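Structure record follows, encoded as structure tokens.
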There are 2 protein chains.
Amino acid sequence: MTASPSLARGEQTKQLIVDTAVRLFREQGYEKTTMRSIAQAAGVSVGNAYYYFPSKDHLVQEFYRRIQEQHSAGCAEALAEPSDLDRRLLVALHAGLDAMAPYHEFAGSFFATAATPGSPTSPFSDESVDARERSMAIFRSVVDGSTSKLDDELRGDLPELLWLCHMGLTLYWVHDTSPGQAKSRMLVNRAVPLVDRLVALSRLRVLRPLVREALALYRALR
Amino acid sequence: MTASPSLARGEQTKQLIVDTAVRLFREQGYEKTTMRSIAQAAGVSVGNAYYYFPSKDHLVQEFYRRIQEQHSAGCAEALAEPSDLDRRLLVALHAGLDAMAPYHEFAGSFFATAATPGSPTSPFSDESVDARERSMAIFRSVVDGSTSKLDDELRGDLPELLWLCHMGLTLYWVHDTSPGQAKSRMLVNRAVPLVDRLVALSRLRVLRPLVREALALYRALR
DNA sequence: GTCTATATCTAGATAGAC
DNA sequence: GTCTATCTAGATATAGAC
């Protein structure tokens, strides 16, 4: 039990490998970044890289974690003060796009493995439970700090539903080839008011049973 | 220009490779079925297989095409006669699940490449334009043969929107680990009435502007 | 426990000979 | 059109140094 101020040697190496991998992913994309090149650029052996990371996929997870951190940091300030639901959602979703933007060119190849059900990089996998929790926390904050009137039944599930919207947006963004992903931005700008109005309308008598059934179904399926 | 009754020799080889590949995909899944094993089982060389199919992905596309045919055939009869929209949609979506059911075990790995934006197996790629058209035709038939009252503006886009629902269902199904994919069936059974009611309600005065804006947004984004 | 080096395997993909 | 040989890259195994 040494109270050393710096990280343990193993942890340092691990960090070095991750940093190198993330840098190369960013510079060259997923496929072009081989385990050999990561090891070489980090000045370690291939075996050592595999000693710390069971597969290339596991390195990608670290990549996601950092984007996730960017996302949280990018909207923390704007979400600190209470505001309208639509304002907050707009901020959270745009911050998400901002965090991913530098990687759009390569996002496709990352996404492929992430979308695979069994993959450790899937946002629904056990391995990504931490990243998922942190990501959902953003949308919990979106709802909790909202000054808008909300249906009590909806309120409990809303953070998770908005997180799913964020996942859906990501899915669209990955396939969005418009310059600067302008279409994704437009989707956010125009869909958020729609969601806001829908949430407001959900309290109407005609829509109430429909909303209740939809929520019940959602709970049964997740 | 020979008017030979049988296929040209090249076409025969191509068929042989496809048939073998599809059979092995079905028996062993995507990853376990290597180009080598396909070639060996078909009695040709690896190089020959690559002569006809530029990549393994292109062989997968043929696999999809056959599932798609199953889907169309599986609901053609039930859709021949006019009926209610919800009845038709239910039939079409369950037929889709039926067609995919035998492959659920392996669906994940297929799905990974299909979800990749650049991939030729993506349902949105140029290469799959044929399969996509055939698949959408099912939902066009769902709408066209419907006896339910439909908003005129919605009617034009509805087939495409329902096809997107089918894609969404597929996405859920791939990740559905419940026994016999019971949850996906439940999703269909309970979501279809919801969709039906939503379509009916879309003609209400309070919802009209919302529906119009949603449709306009959809058209701007596709 | 941390790390290297090397050899080897597997599988997608390609080149060039025939 | 077809084959064999070869390349690349992810992944594993092993043996050993510290």
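A quick note: this is a predicted structure, and the numbers were derived from the prediction, not measured. Residue numbering restarts at 1 for every chain, and letters A, B, ... go by the order of the sequence lines.
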Are the charged groups of A/R87 and A/D196 less than 4.0 angstrom apart, N to O? no
Main-chain N/O of A/H104 paired with A/Q181 side-chain donor or acceptor, under 3.5 Å: no
Any side-chain heavy-atom pair of B/V44 and B/Y51 under 4.5 Å: no
So A/Y51, base contact, sugar-phosphate only, or nothing? Heavy-atom distance under 4.0 Å. base
5′-ward residue of the pair B/G10/B/G47 relative to DNA chain D: B/G10
Tell me whether A/D144 is salt-bridged to A/R155, with the criterion being a basic N under 4.0 Å from an acidic carboxylate O. no
Sequence neighbours excluded, the answer for side-chain hydrogen bond (donor to acceptor under 3.5 Å, both in side chains) partners of A/R65 is A/E62, A/E69
Of A/V46, A/L24, A/V22, the residue whose pairing with A/I38 passes side chain to side chain contact (heavy atoms under 4.5 Å, CB included): A/L24
For DNA chain C, which residues in residues 16-45 of chain A have a heavy atom at a distance below 4.0 Å? A/G43, A/V44, A/S45
Leading and trailing nucleotides of DNA chain D with any atom under 4.0 Å from heavy atoms of chain B: D/dG1 to D/dT4
Checking ring pair (Phe, Tyr, Trp, His ring centres under 6.0 Å) for the pair B/Y30/B/F106: CA distance, chi angles, key distance, verdict? CA-CA 7 Å; B/Y30 179 72; B/F106 310 130; over 10 Å; no
Distance in angstrom units between A/Y50 OH and C/dT8 P, rounded: 19 Å
What are the two closest non-hydrogen atoms of B/T116 and A/H175, and how far apart are they? C-NE2, 4.4 Å
